[in-house]
2 protein chains.
Amino acid sequence: MPPPPTTPILKDLTISNITENVHLINAQTPSPRLLYILERLVTHLHDFARETRLSTPEWMAGIEFLTAVGQKCTDVRQEFILLSDTLGLSLLVDAISHPKPPASTEGTVLGPYHTHAAPDVELGESITVDPEGERLLCVCSVRDTAGRPVEGVKVDVWETDSKGVYDVQYEGWTGEKADGRAVLRTDAEGRFWYRAIVPVPYRIPEDGPVGKMLKLLGRHPWRPSHMHFMFEKPGYDHLITALYLRGDPYETTDAVFGVKESLIVDLGVVSAEQAAQYGVEEGTKLLTYDFVLVSEAETRRLRDEEARKAMKALGRDDMLIIDGLPVPDVD
Amino acid sequence: MPPPPTTPILKDLTISNITENVHLINAQTPSPRLLYILERLVTHLHDFARETRLSTPEWMAGIEFLTAVGQKCTDVRQEFILLSDTLGLSLLVDAISHPKPPASTEGTVLGPYHTHAAPDVELGESITVDPEGERLLCVCSVRDTAGRPVEGVKVDVWETDSKGVYDVQYEGWTGEKADGRAVLRTDAEGRFWYRAIVPVPYRIPEDGPVGKMLKLLGRHPWRPSHMHFMFEKPGYDHLITALYLRGDPYETTDAVFGVKESLIVDLGVVSAEQAAQYGVEEGTKLLTYDFVLVSEAETRRLRDEEARKAMKALGRDDMLIIDGLPVPDVD
């Protein structure tokens with residue numbers, strides 16, 4: 001437990017002393033981790049205002065912007081995640097939380113369209129009910145970093161329909177009308193396969209405050225064609241990733257910064273033999289990928305190592321590292 | 001106008017290169033000021049995540065917190081201003097925007113309860129319709145930094161009722177039912193006077209996410225007794241301030257950091273002569289204060305000077321200062 005904080009005298013606060021005094025009053029929290037998060041948050045928030053000389057009208061514009069972002073959120077629309085995505089924060093947090101050793105599959109942004117209301121489907125089934133869209137067979141595998149197949153991994157997959165719209169974006173969507181999403185399980189050889197449609201590029205929602213921000217910044221709202229994947233199995237680090245189609249017009253300007261070279265794929269075509277094996281037409285587009293999961297223990301080790309480096313760079317020798325999270329050593 | 005930005009290749013972004021790439025894509029904005037604000041915002045946001053090693057669940061808790069703050073806002077409740085107030089940002093922005101030379105009246109936080117729906121009242125009238133509360137006569141003046149009275153200043157005053165509640169906080173409040181607020185004008189001698197009630201301490205709203213945050217931080221929600229003032233006249237810097245009552249139990253722990261020694265007053269009592277002059281009972285509590293406004297020109301000079309110092313401290317010699325606002329020199 002932290003020692004009882006010195007109660008500050010909160011009076012005559014100025015540009016130069018307000019930050020340390022806000023830290024002192026916040027130091028009353030019994031949570032050392034919250035203490036550290038608030039200390040860094042308040043320091044950066046105040047430095048931002050000091051360095052920009054933020055004016056009262058600009059501050060008010062910020063208040064109104066954040067309010068509009070909050071008010072745009074619904075059960076199926078998360079404008080703050082969109083803001084985090086478009087400012088590069090989401091990609092950064094994923095990279096910090098899920099460090100990857102070489103030869104494992106890289107992670108990328110979750111995005112705001114994952115939902116737990118996805119149906120369980122058997123291997124080989126279709127995840128799409130869209131009559132349009134180019135047919136796609138996906139044949140993938142999941143291994144560990146030693147190359148061993150991983151059985152029984154829960155695999156969430158999701159993509160837009162042929163118009164570039166996720167099912168949850170349609171008015172009146174309910175969990176019963178899933179399209180373009182499913183949950184599968186890898187077999188004893190770590191394999192999973194399913195039928196889908198070839199992903200298409202789409203625009204992130206532009207009718208809210210984040211769309212307005214992108215316009216002011218002269219940025220386009222497009223994401224390159226991709227399919228999302230999420231892998232879960234006890235003992236393995238949770239992997240959120242996506243595969244991107246090579247040659248997409250937005251390959252190098254993804255509005256949410258998610259593209260990684262190792263996640264770009266060239267689609268193949270289904271051979272006569274595969275057509276018979278998977279029950280699809282010969283010549284159907286084919287997506288194959290071998291995902292590599294990292295153990296929780298290895299991830300924890302890497303996270304701790306990176307956190308220690310970051311604390312060293314910050315000159316903070318007063319910190320403990322607990323599962324990658326720096327916490328003040330208050331004993 | 002800024003030069004056309006180098007179009008970045010947004011691929012393979014990592015903990016160490018994402019920030020510069022978000023800057024590059026944002027540099028497409030035609031507004032140099034927005035460019036600088038976003039550059040500082042993204043730098044601090046990313047550094048915050050890197051220095052805390054922000055975890056995915058913590059990031060999600062932040063997303064949910066900000067969403068709840070936005071959704072708590074209504075026409076008469078501004079939870080984001082409350083958040084800004086309780087993190088010390090509001091006080092800081094006021095200090096940056098409205099630098100004060102010695103011997104002028106200091107500013108302080110606006111708070112979320114100012115409204116433009118305040119009635120104009122004549123000098124000497126009452127601003128309260130509350131039958132409870134200790135009566136108070138306020139007799140004040142407004143001068144410039146040379147000591148000359150300033151005539152025709154628009155003076156907004158507002159305070160809570162005797163229960164510590166602002167009129168706008170009551171369910172079903174409309175602009176027609178003002179209580180504890182008014183707009184007055186100074187007379188030829190720069191004076192203004194009115195009847196009110198002695199301010200009482202009050203709790204900032206605790207039923208929203210900001211209240212929850214204060215609880216987690218072990219902080220109380222009280223503001224010491226005070227009366228708000230806002231002064232406007234062309235040629236003078238807009239002054240937002242408040243007067244605090246000496247000896248209030250929350251004098252040194254204001255939840256929003258607003259108290260300044262120069263703004264603390266000792267109440268007096270109305271003499272027989274004053275009672276006759278102002279039409280109130282002898283012995284009524286008396287608040288007197290001489291406010292000093294700063295010219296816009298002097299404020300602008302100070303703002304520029306402070307901004308130049310801040311840019312020097314940051315090592316930014318690429319900035320122009322325009323009315324105190326740093327803007328990249330892109331010519």
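Below, read A as the first sequence line, B as the second, and so on, with proteins coming before strands; counting in each chain starts at 1.
Residues meeting the salt bridge (charged side-chain N to carboxylate O under 4.0 Å, His left out) test with B:K100, sequence neighbours left out: B:D237.
Here A:W59 contributes atom CH2 and B:L89 contributes atom CG; the two are 7.5 Å apart, rounded to the nearest 0.5 Å.
Both the backbone and the side chain of A:L87 come within contact range of chain B, each with at least one heavy atom under 4.5 Å from a heavy atom of that chain. Contact annotation for A:E106: only side-chain heavy atoms (C-beta onward) come within less than 4.5 Å of a heavy atom of chain B. Using a 4.5 Å cut-off between heavy atoms, A:L314 touches chain B through its side chain atoms alone. Heavy atoms of A:V42 lying under 4.5 Å from chain B belong exclusively to its side chain. Neither the backbone nor the side chain of A:R303 comes within contact range of chain B, judged by heavy atoms closer than 4.5 Å. With a 4.5 Å cut-off on non-hydrogen atoms, B:L34 touches chain A through its side chain but not through its backbone. For A:L83, no part sits under 4.5 Å from any heavy atom of chain B, backbone or side chain. With a 4.5 angstrom heavy-atom cutoff, B:L110 does not touch chain A via any of its atoms. Both the backbone and the side chain of A:I15 come within contact range of chain B, judged by heavy atoms closer than 4.5 Å. With a threshold of 4.5 angstrom between heavy atoms, A:L263 does not approach chain B through any atom at all. Residue contact with chain B, scored on non-hydrogen atoms closer than 4.5 Å, involves the side chain of A:S84 exclusively. There is no contact between A:E64 and chain B, counting heavy-atom distances below 4.5 Å. Only the side chain of A:H98 comes within less than 4.5 Å of a heavy atom of chain B; its backbone N, CA, C and O stay farther away. B:I264 touches chain A through its side chain: at least one heavy atom from C-beta onward sits under 4.5 Å away, while N, CA, C and O do not. Only the side chain of B:M60 comes within contact range of chain A, with at least one heavy atom under 4.5 Å from a heavy atom of that chain.
Between A:T52 and B:Y36, the shortest heavy-atom contact is CA-CE2, 3.8 Å. The two residues B:L54 and A:I96 make their nearest non-hydrogen contact at O-CG2, 4.0 Å. When all heavy atoms are compared, the tightest approach of B:I63 to A:F80 is CD1-O, 3.6 Å. Residue A:G88 comes nearest to B:I18 through the heavy atom pair O-CD1, 3.7 Å, listed as atom of the first residue, atom of the second, then distance.
The greatest number of non-hydrogen atom pairs below 4.5 Å with chain B, out of A:A68, A:A95, A:G62, is found for A:A95. Of the listed residues A:T67, A:I240, A:L91, the one with more heavy-atom pairs under 4.5 angstrom with chain B than any other is A:T67. Across A:G258, A:C73, A:S262, A:A313, the residue that shares the most heavy-atom pairs under 4.5 angstrom with chain B is A:C73. Listed options A:D94, A:L38, A:L41 were ranked by heavy-atom pairs under 4.5 angstrom with chain B; first place goes to A:L41. Options B:I81, B:D254, B:N21 differ in how many heavy-atom pairs under 4.5 Å they form with chain A, and the most are formed by B:I81. In terms of non-hydrogen atom pairs under 4.5 Å with chain A, the most contact-rich of B:K72, B:Q71, B:E39 is B:Q71. Put simply, of B:M213, B:E58, B:M311, the one with the most heavy-atom pairs under 4.5 Å next to chain A is B:E58. By number of non-hydrogen pairs under 4.5 angstrom with chain A, the leading residue of B:H238, B:E306, B:E79 is B:E306. With chain B as partner, the option from A:L325, A:T252, A:T253 having the largest number of non-hydrogen pairs under 4.5 angstrom is A:T252. Among B:P57, B:P99, B:A49, the residue with the largest count of heavy-atom pairs under 4.5 Å with chain A is B:A49. Here B:L92 is the residue among B:I9, B:L13, B:L92 with the most heavy-atom pairs under 4.5 Å with chain A.
Residue pairs meeting the side-chain hydrogen bond (donor to acceptor under 3.5 Å, both in side chains) criterion with at least one partner in residues 9-19 of chain A, sequence neighbours excluded, are A:K11-B:E251, A:K11-B:E261, A:T14-A:S16, A:T14-A:N17, A:T19-A:H46, A:T19-A:R50.
The aromatic rings of B:H44 and A:F48 sit perpendicular to each other, their planes meeting at more than 60°, with 30° as the lower class boundary.
Salt-bridge check for B:E51 with A:R316: failed, with every basic side-chain N at 4.0 Å or more from each acidic carboxylate O.
Contacts between residues 216-224 of chain A and chain B, defined by a heavy-atom separation under 4.5 Å, are made by A:L216, A:L217, A:G218, A:R219. At a heavy-atom separation below 4.5 angstrom, chain B is approached by no residue within residues 242-249 of chain A.
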- Task: Starting from the C-alpha separation in whole Å, work towards a yes-or-no answer on side chain to side chain donor-acceptor pair (under 3.5 Å) for B:S55 and A:S97.
- Result: CA-CA 5 Å; B:S55 73; A:S97 273; 5.1 Å; no
